[in-house]
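Have a look at the structure below, then the notes.
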Number of protein chains: 2
Amino acid sequence: MARPSKPKLSPDAIAAAALALVDKHGEFTLPQLAKALSVTASSIYNHVSGKDEIIELMRGRAMSAISLEGGASGDWQQTVRQIATSYWESYSKHPRLIPLLTSHTVRNRTTLRVYDALAETLAQAGFPPADRLQAITIIDSFVLGSALDAAAPEIVWEADDASSQEFKEALDAGLQLQQRARLAFHRGLELILLGLEDIRSN
Amino acid sequence: MARPSKPKLSPDAIAAAALALVDKHGEFTLPQLAKALSVTASSIYNHVSGKDEIIELMRGRAMSAISLEGGASGDWQQTVRQIATSYWESYSKHPRLIPLLTSHTVRNRTTLRVYDALAETLAQAGFPPADRLQAITIIDSFVLGSALDAAAPEIVWEADDASSQEFKEALDAGLQLQQRARLAFHRGLELILLGLEDIRSN
DNA sequence: ACCTGAACACCGTTCAAGT
DNA sequence: ACCTGAACACCGTTCAAGT
């Protein structure tokens, strides 16, 4: 049984399985991934060029849900707020993926679309080009840093069904932390929007 | 020649050599590190518990230069500005180290001292505990995100003495980017300080 | 106490062989 | 075209052996 009449794999299936592994264990290896896909490690190379491409595919998957429909509210702050929040939420849905993405800063198309949308919104609001670039950098840095902050701390251990009560309490604390990170993100974003409006209107 | 009369290694020497490798190549392996130290890979295990501890030692080294002497200026914004900037500069001196640190979020003592100093300053300025924690989270996220932003993009290639003119121009562009990231950091920090003052005084 | 060298389990990737 | 299995170079870590 060398080749099946219908392919068992596809880049999309590979990315989905890899993302599931990263969500669960914080990392993935080719043998693990192959096993999850009921396949041999070498088969994977018929569909992707290697581990790096799989990481890029995961980035694309994580970012695919970003909503850029700011709704032409006319209010640039509202549009930026919505884009940045959606961006942050995409990261935060897969917190353990973020460390893998920080080494490869190859921007994929979905991520670039976010910058385009921000640039357009800021331009319409009257930010000159230099301020525009700086504002995007500030927002991007804060979103990434916030997602990382939400990601890193409490995910050292993993849940399984034999978990003790103490462990569940610890998990609850972790959720509270997630919530804390979320609130800090929203608050920080408001500060930044406020400051940017100051710059814009003076 | 099994054991020398004087040890060839120490945790500090190991961390320094590892950091030099990371600065140059963006990563390090035990064999590489051993070679740089004129030693065998297994010797390293007489001084550190493994690769993870080496990474923590590098974090300590990178963070050791943080200055917390805000100078009792009485101005909380000035103190926070100085701490955050020093923090950011410590990260930015070793941009390629940052991705290695984001997986292990074990905070070492030096890093924790930064939070202590921030908390103390904010408390004296009159921030209630909850706002204090949130402010620290916002600042921390922004510093880390900014450092990551400064780190990631242009460091794909490496300099050596046989470099062409075109390559040096590319390096210059890279420096401009470093500079751009630096300016964005300072601007963003000002926005955040401004916003925090709004919160504090209302 | 501290270094060496052999050894182990594991990893990412390649490639001939099969259908 | 797409899967398997063997193979390669490499990695992190352990451990007996040496001084």
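- Annotation: A/Trp88 is not in aromatic contact with A/Phe142 [ring centroid separation under 6.0 Å not met].
- Listed nucleotides D/dG12, C/dC11, C/dT13 differ in distance to A/Tyr45; the shortest reach to its side chain belongs to C/dT13.
- When rounded to the nearest whole Å, the span between CG of B/Asn46 and P of D/dA16 equals 14 Å.
- Of the possible polar contacts, one joining the B/Arg200 side chain to the B/Ala125 backbone as a donor-acceptor pair under 3.5 Å is found.
- The line from CG of B/Leu148 to CG of A/Asp140 is 9.5 Å long, rounded to the nearest 0.5 Å.
- To the nearest 0.5 Å, atoms CD (B/Glu120) and OG1 (B/Thr79) are separated by 10.0 Å.
- Between B/Arg61 and B/Asp12 a salt bridge is recorded (basic side-chain N to carboxylate O distance below 4.0 Å).
- Two residues, A/Lys51 and B/Ile44, neighbour DNA chain C, and the one matched to the more 5' nucleotide by heavy-atom proximity is B/Ile44.
- Protein atom CD of B/Glu27 is 9 Å distant from nucleotide atom P of D/dC11, rounded to whole Å.
- Side chain of A/His47, nearest nucleotide from C/dC2, D/dC3, D/dC11: D/dC3.
- Between A/Arg81 and A/Glu190 a salt bridge is recorded (basic side-chain N to carboxylate O distance below 4.0 Å).
- For DNA chain D, if you chain together Watson-Crick or G-U pairs that step i with j, i+1 with j-1 and so on, the runs of at least three with distances under 3.5 Å are C:4-8 with D:12-16, C:12-16 with D:4-8.
- Residue B/Leu30 holds its CG atom at 10.5 Å from CG of B/Leu37, rounded to the nearest 0.5 Å.
- With rounding to whole Å, B/Ile54 atom CD1 is found 12 Å from D/dT13 atom C1'.
- The stretch residues 32-42 of chain B touches DNA chain D through B/Ser42, each having a heavy atom within less than 4.0 Å of the strand.
- Remark: A/Ser90 OG to A/Leu97 CG distance equals 11.0 Å, nearest 0.5 Å.
- A straight line from CG of B/Leu30 to C1' of C/dC11 spans 14 Å, rounded to a whole angstrom.
- For the pair A/Leu9 CG and D/dC2 P, the interatomic distance rounds to 10 Å; values are reported in whole Å.
- Among the nucleotides D/dC3, C/dG12, C/dT4, the one closest to the side chain of B/Lys8 is C/dT4.
- The separation between B/Asp52 atom CG and D/dC11 atom P is 17 Å, rounded to whole Å.
- A salt bridge links B/Arg59 to B/Glu56: at least one charged side-chain nitrogen sits closer than 4.0 Å to a carboxylate oxygen.
- Put simply, A/Ser43 has no side-chain N or O that comes within less than 4.0 Å of OP1 or OP2 on D/dC2.
- Counting to the nearest Å, the P atom of D/dC3 and the NZ atom of A/Lys6 are 13 Å from each other.
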